[in-house]
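Notes follow the structure.
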Amino acid sequence: MFYQNRKIPLYVIASLLFGLKTYIVYRFIFNIELDNAMQEIILFINPFVSAFLVFALSIWFKEKRQLKFTRYAMLIGSLILYFNLVFYRNFTDFLTIPVLFQGSNAADLGSSVMALIHIPDILLFLDVAIVWYLSKKYGTALSVSYHKRNKVLAFSLSIAFLMGNYILAEIERPQLLQRTFDREYLVKNIGIFNYHIYDIVQQSKSKAQRVFADGNELAEIEDYINNNTTDNSKSDMFGIAKDKNVIFISLESMQSFVINNTLHGEEITPFLNDLVEDSYYFENFYHQTEQGKTSDSEFLVETGLYPLPSGAVFFTHGQNEYNSTTEILKNNGYTSNVFHANNKSFWNRDVMYDNLGIDKFYDVESYDVNDENSVGWGLKDKPFFDQSIKYLEDLPEPYYSRFITLTNHYPFDLDPEDATIDKFDSNSKTLNQYFQTVRYTDEAIKEFFSDLKASGEYEDSIIVLMGDHYGISDFHDKAMAQYLDKEEITPYDHIQLQRVPFIIHIPGQDGKVMSEVAGQIDVKPTLTHLLGIDDSDDLSFGTDLFGENRKGYIALRDGSFISNDYIYTKDQCFNRSTGELIAAETEGITDDEHTKQENACQPIEEKVAKELSYSDQIIYGDLFRFHDFKNENEETNESKNESE
Ligand code: GP9
Ligand code: MN
């Protein structure tokens, strides 16, 4: 018989069958988006890599056990895949440990689970049946008894395949594991099984930190916040926008250097330049995001806490207790929603938005997206706003609605017919194109403003615009220096380039240019202040931008800071207005220089480090579950208690 003469071991058969099945499920049942050939290749490779990794382990067992191991691994693997499939049919998302064990998602699924199971699904267990049958029929003829050397070889081979897969994935999506963009990306690149392992490791890490916290840490943090970052004074702006709708526009990758600036003698952002004339425009406003990019900026706005030094807090701590801007506004009569034409699981938004109390997320499903109206990351900003208006008009007022734009996203691709300014000419294609997509977004906002006016939404609203994070990284410093007409981009310039626009437009008011040092951490108290909401019991690290008693510095997530007088980064302390280096904190500096440095940056540097670590402690320990916020809504408390 074929098997007796030329044995194809069961673990190889299992790897091939299971790999093929997984691929078919990825490719034809999950709706995984593939943008290029590389992604196709990775998606094809990874099911076989994962399957081989598991089934090749069987060779370490005795011959009989090998078969048993293979059969059960096959069955368990198929069940995991199938559970994901059933979950996916309902939520277009993959299972995560928190979703599995707590929260409302799993409960929602319970009631509809029968509808999600289809009869032909039985075919997905065909390979299990085949392997089961073969192993029963041919028995140990299908097992192998390798020498130790060969076992090690097979194992090394499976690890080498895994590494190869990972390297390809890293090329395709740098920092895949650190940034944890999206579950779909992870599944697409490393496969569903490795994704589950990754998820388990991540969750256990944060669970352990949470378990050891008991809330005692909060007293000290509260003290710090009350003494340093709470400003109970009320400026004459307090309540100026009471009960108005809040339309908050997150400007993808928009940096301040494009505002009131020109390229080829033309304004880059003509509409925003006009808008800042009759708005409060904060020209020294810094983004404070890290790896979580857009989601980090949302986190800052919603919580007034700092995002984490690595990973995206939306992912790692999406189930924590927060006292969100949304919840505070909702307790003051607001409804809340987010408009963003991307898939809802990106940055774990679906889970996090629920947790923050957002009523409705108008994700990509709410939009008509086709080849003509999309570019790069998806729906272009103009049709995005255009299609959003109808939803906005129907919302119960007052509403707090956040819009997240997308076109001005790396790599800043744009259809030629949408480009209304010529590219820049430098060695950086990225920067060259950036000006065009920035201009496109500027035009989209202009159209949105006229639609808001035409639909009558404008009058009853305040419109807040904020850049989410930088768009042009250090990698393009040479081209950036060329554009800014500088010899080079120094560490001081680098910090100054982290400024993003922050514009508060209150219809009927003049506004003015505000020069104070400000950051995304300040958005929450500023908003509640304008809306006349008392948030004196909130625990967050920002201060009202119109208030008198500001903190006097803005901390960036890497410990750099901008104070009224200094800019500190990479162990260097600069004079903020001149950019002159005060003293480098290196060994061998003279005593005199050292004293200068100590008097200048060091006290703030210590404060910043302390503040960042307090914020991290709150998140890692999920400390707000030990605290009662006045504004907290009862429903959130109840559902939280259930899931404890
Ligand atoms: C994705 C969009 C862009 O939904 O917000 O994310 P980013 O890469 O900028 O964080
Ligand atoms: Mn972004």
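Start at 1 with the first residue, then count along the sequence. Atoms within a ligand are numbered from 1 in the order they appear, just like the ligands themselves.
Close N/O approach between Asp468 and ligand 1 is not found [any backbone or side-chain N/O within under 3.5 Å].
Applying the 4.0 Å criterion to heavy atoms of Trp347 picks out, from ligand 1, the atoms 6 (O), 7 (P), 10 (O). Using a 4.0 Å cut-off to heavy atoms of Phe346, the atoms of ligand 1 that qualify are 1 (C), 4 (O). For ligand 1 and Leu406, the ligand atoms under 4.0 Å from any heavy atom of the residue are 2 (C). Taking every heavy atom of Lys293 and a limit of under 4.0 angstrom, the matching atoms of ligand 1 come to 7 (P), 10 (O). Of all the atoms in ligand 1, the ones that sit under 4.0 Å from a non-hydrogen atom of His469 are 9 (O). Here is the list of ligand 1 atoms found below 4.0 Å of a heavy atom in His340: 1 (C), 2 (C), 4 (O), 5 (O). The atoms of ligand 1 that sit less than 4.0 Å from any heavy atom of Asn342 are 1 (C), 4 (O). Residue contact check: Arg349 has heavy atoms under 4.0 Å from atoms 1 (C), 4 (O), 5 (O) of ligand 1.
Under the 4.0 Å criterion applied to side-chain N and carboxylate O atoms, Asp359 and Lys330 are assigned as salt-bridge partners. A salt bridge is defined here as a Lys NZ or Arg NE, NH1 or NH2 lying under 4.0 Å from an Asp or Glu carboxylate O, and Asp616 with Arg557 meets this definition. The pair Lys551-Glu611 counts as a salt bridge, with a side-chain nitrogen and a carboxylate oxygen less than 4.0 angstrom apart.
Between the Mn ion (ligand 2) and Ser250 there is no N/O/S contact shorter than 2.8 Å. Within the 2.8 Å limit, His409 places no N, O or S atom next to the Mn ion (ligand 2).
Asp468 contributes OD2 as its N, O or S atom closest to the Mn ion (ligand 2). Restricting His469 to its N, O or S atoms, the one at the least distance from the Mn ion (ligand 2) is NE2.
Gln255 places a side-chain N or O within donor-acceptor distance of the main-chain N or O of Ile472, the cut-off being under 3.5 Å. No donor-acceptor pair closer than 3.5 Å links the side chain of Asp522 to the backbone N or O of Leu545.
At the Mn ion (ligand 2), the vertex angle linking OG1 of Thr294 with OE2 of Glu252 is 150° (nearest 10 degrees).
Side-chain contact annotation: Gln520 with His287, donor-acceptor N/O pair under 3.5 Å absent.
At a 4.0 Å cut-off, not a single heavy atom of Tyr410 sits close enough to ligand 1 to count as contact.
Of the candidates Thr441, Thr437, Asp415, Thr407, Asp415 is the only one forming a side-chain hydrogen bond (donor to acceptor under 3.5 Å, both in side chains) with Lys380.
Residues satisfying the ring pair (Phe, Tyr, Trp, His ring centres under 6.0 Å) criterion with Phe448, sequence neighbours excluded, are Phe385, Phe403. Partners of Ser515 by side-chain hydrogen bond (donor to acceptor under 3.5 Å, both in side chains), not counting sequence neighbours, listed by chain and number: Glu283.
Relative to the six-membered ring of Tyr470, Lys293 meets both conditions, a distance below 6.0 Å and an angle of at most 45° to the axis.
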